[in-house]
Amino acid sequence: MRSLFLILGMSFFLASCSFGSSSKTPIQSADPTNPAAQTAPVVSYTEDLKNASYKIKDTAEFENCMKPSVNMCLSQVGNELARTQKSPAICDELMDQSSKDSCKFGVIMIQATESKDIKACDVLSDNYKHECRLALLRQVAVDQKSIKACDALSVEFGNGSGSMDQNIQNMQIDQCKMNVLQSDASLPVSECASLSDKNMQTMCTDLLKTRVALPPALPPVETETNRPVTTENVSNLSGSENLQNVQ
C-alpha cells in the first residue's frame, strides 16, 4: 500500500511539471533573416569615445576636429527643436548669445508669418527685429496685391538701427514691387513705371510681357437644348411639339 501511494505521488508530480513546461511561451530564437526579430544595438557616441584609443582621442588634432562638430550639432539640433516645437525658449539652451538670437529669429519668423502680425517681431533683438518686420511688410504687400504697400518699407528703413545706403533701400523696395507685379497677372505692364531703377523697369516690362495670356473664350457649342427658338425651328416640328417649344 505504501508503495502504491509513492507511485501515485510521483505520477502527480511529473504530470504537474509537464503541464507547467507546456504552458510557458516558447522563446523565439533570433533569426538573422527576419528584420522584425532583430534589434539594432543602441550605442551612444560616448561609448564610442570610451572605447576609442587614447593615442587618437587624447590628441590636439582630435580636439580640433571634434569641437566644431559638437558646436554644429548643438546649434543644428537646438534650432530644429525650437522651430518644430515653435518654442523660442529652447533657443536659450544654446551656448552663445549670437546663436540664441539667430535661433529665435527663425522661430519668431514662422510665428509672425503664420499670424501675419508684425508685432510678433518686437521680441527680437534690434537687427533681427528689423529684418523680421521688413519680411512681414513684403508679405503684406504681396497678399494685398498692392504696389503702394511696398512704400512702407522706406518707413521701416528709417526706423531701423544703423544706416543703409539709399540705393540699397530703393533696390529692396523695387524688389518688393516686382514680387507684387509677378504675383498678380491682372496688374498692367504700365505699373513697371513705379519702379525707381531704370534697369529694373526694363526687366519688369520684359517679364510681364512674357506672361502667358489666357486664350480667348471659345463660343458655346450649339446643341438641341440651347439652340434659340426661331420660326424655322418651329416649322420643323409638328402639332403639340410646336406649341410646347414656342411656349
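The chain is numbered in sequence order, starting from 1. Atom set for the values below is all heavy atoms of this structure, side chains included, hydrogens, waters and symmetry mates excluded.
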*Can you tell me how far SG of C204 sits from CD of Q182, rounded to the nearest 0.5 angstrom?*
7.5 Å

*asked:* On a heavy-atom basis, which atom in P188 and which in L208 lie closest, and how many Å separate them?
replied: O-CD1, 4.1 Å

*Sidechain-backbone polar pair: S87 side chain, R83 backbone, donor-acceptor under 3.5 Å*: no

*Would you call K86-E114 a salt bridge at under 4.0 Å N-O?*
yes

*Tell me, do M178 and M203 make a side-chain contact under 4.5 Å, heavy atoms counted?*
yes

_Minimum heavy-atom distance between V180 and K145, given as atom pair plus value_ = CG1-C, 3.7 Å

*Same cluster for L137 and F157 if Ile/Leu/Val/Met/Phe/Trp/Tyr side chains link at under 4.5 Å?*
yes

_Minimum heavy-atom separation for L74 and M95, please, with both atom names._
CD1-CG, 4.3 Å

_I want to check something: taking the side chain as every heavy atom from C-beta on, are E131 and M109 in contact at a cut-off of under 4.5 Å?_
no

_For a quick check under 3.5 Å, do R138 and Q175 share a side-chain donor-acceptor pair by atom type?_
no

*Do V123 and L134 sit in the same hydrophobic cluster, where Ile, Leu, Val, Met, Phe, Trp and Tyr count as joined when their side-chain heavy atoms come under 4.5 Å apart?*
yes

*Is there a donor-acceptor pair closer than 3.5 Å between any side-chain N or O of D101 and the backbone N or O of Y128?*
no

*Which hydrophobic side chains are connected to V77, either touching it within the sub-4.5 Å cutoff or through other members that do?*
L81, I90

*Counting distance only, does the side-chain N/O of S125 pair as donor-acceptor with the main-chain N or O of N127 below 3.5 Å?*
no

*Any idea which heavy atoms bring A149 and S146 closest together, and the distance?*
N-OG, 3.1 Å

*Determine whether F105 and C91 make a side-chain contact, defined as any pair of heavy atoms from C-beta on separated by less than 4.5 Å.*
no

*asked:* Please tell me whether M66 and I56 are part of a single hydrophobic cluster in this structure, the criterion being side-chain heavy atoms less than 4.5 Å apart.
replied: yes

*asked:* Under a 3.5 Å distance rule, please check whether Q201 uses its side chain to pair with a backbone N or O of L195 as donor and acceptor.
replied: yes

_Point-to-point distance, once rounded to the nearest 0.5 Å, from SG of C132 to CG of L124_ = 5.5 Å

*For the residue pair D206 and T202, establish whether any side-chain heavy-atom pair is separated by less than 4.5 Å.*
yes

*Taking the side chain as C-beta and beyond, is there a heavy-atom pair between I147 and E191 under 4.5 Å?*
yes

*asked:* For a 4.5 angstrom cut-off between non-hydrogen side-chain atoms, does L49 reach F62?
replied: yes

*Could you pull out all residues at least two apart from S99 that satisfy side chain to side chain donor-acceptor pair (under 3.5 Å)?*
D96

*Should the heavy atoms of other residues, nucleotides or ligands under 6.0 Å from NZ of K116 be counted, would the total exceed 12?*
no

*Spacing of NZ belonging to K129 relative to CG belonging to D122, to within rounding of 0.5 Å*: 4.5 Å

*For E80, does its backbone N or O pair with a side-chain atom of T84 as donor and acceptor, under 3.5 Å?*
yes

*Between L94 and N79, does a side chain to side chain contact (heavy atoms under 4.5 Å, CB included) hold up when you go through it step by step?*
CA-CA 9 Å; L94 294 175; N79 276 271; 4.2 Å; yes

*Do you see a donor-acceptor pair shorter than 3.5 Å between the side chains of N170 and Q166?*
yes

*Gap between atom NZ of K100 and atom CG of D92 - 0.5 Å precision*: 5.5 Å

*Starting at CD1 of I108, measure out to OG1 of T113 and round the result to the nearest 0.5 Å.*
10.5 Å

*Can you see which heavy atom on C103 is nearest to which on G78, and at what distance?*
SG-O, 4.3 Å

_Rounded distance [0.5 Å steps], OG in S196 versus CE in M171_ = 10.5 Å

_Are D151 and K177 packed together at the side-chain level, in the sense that at least one heavy-atom pair is separated by less than 4.5 angstrom?_
yes

_Atom of A112, atom of L136 and distance for their closest heavy-atom approach_ = O-CD1, 3.5 Å

*Would you say S154 and I173 make side-chain contact, with heavy atoms under 4.5 Å?*
yes

_Steps toward salt bridge (Lys or Arg N to Asp or Glu O under 4.0 Å) verdict (K57, E63)_ = CA-CA 7 Å; K57 65 182 180 181; E63 177 71 18; over 6 Å; no

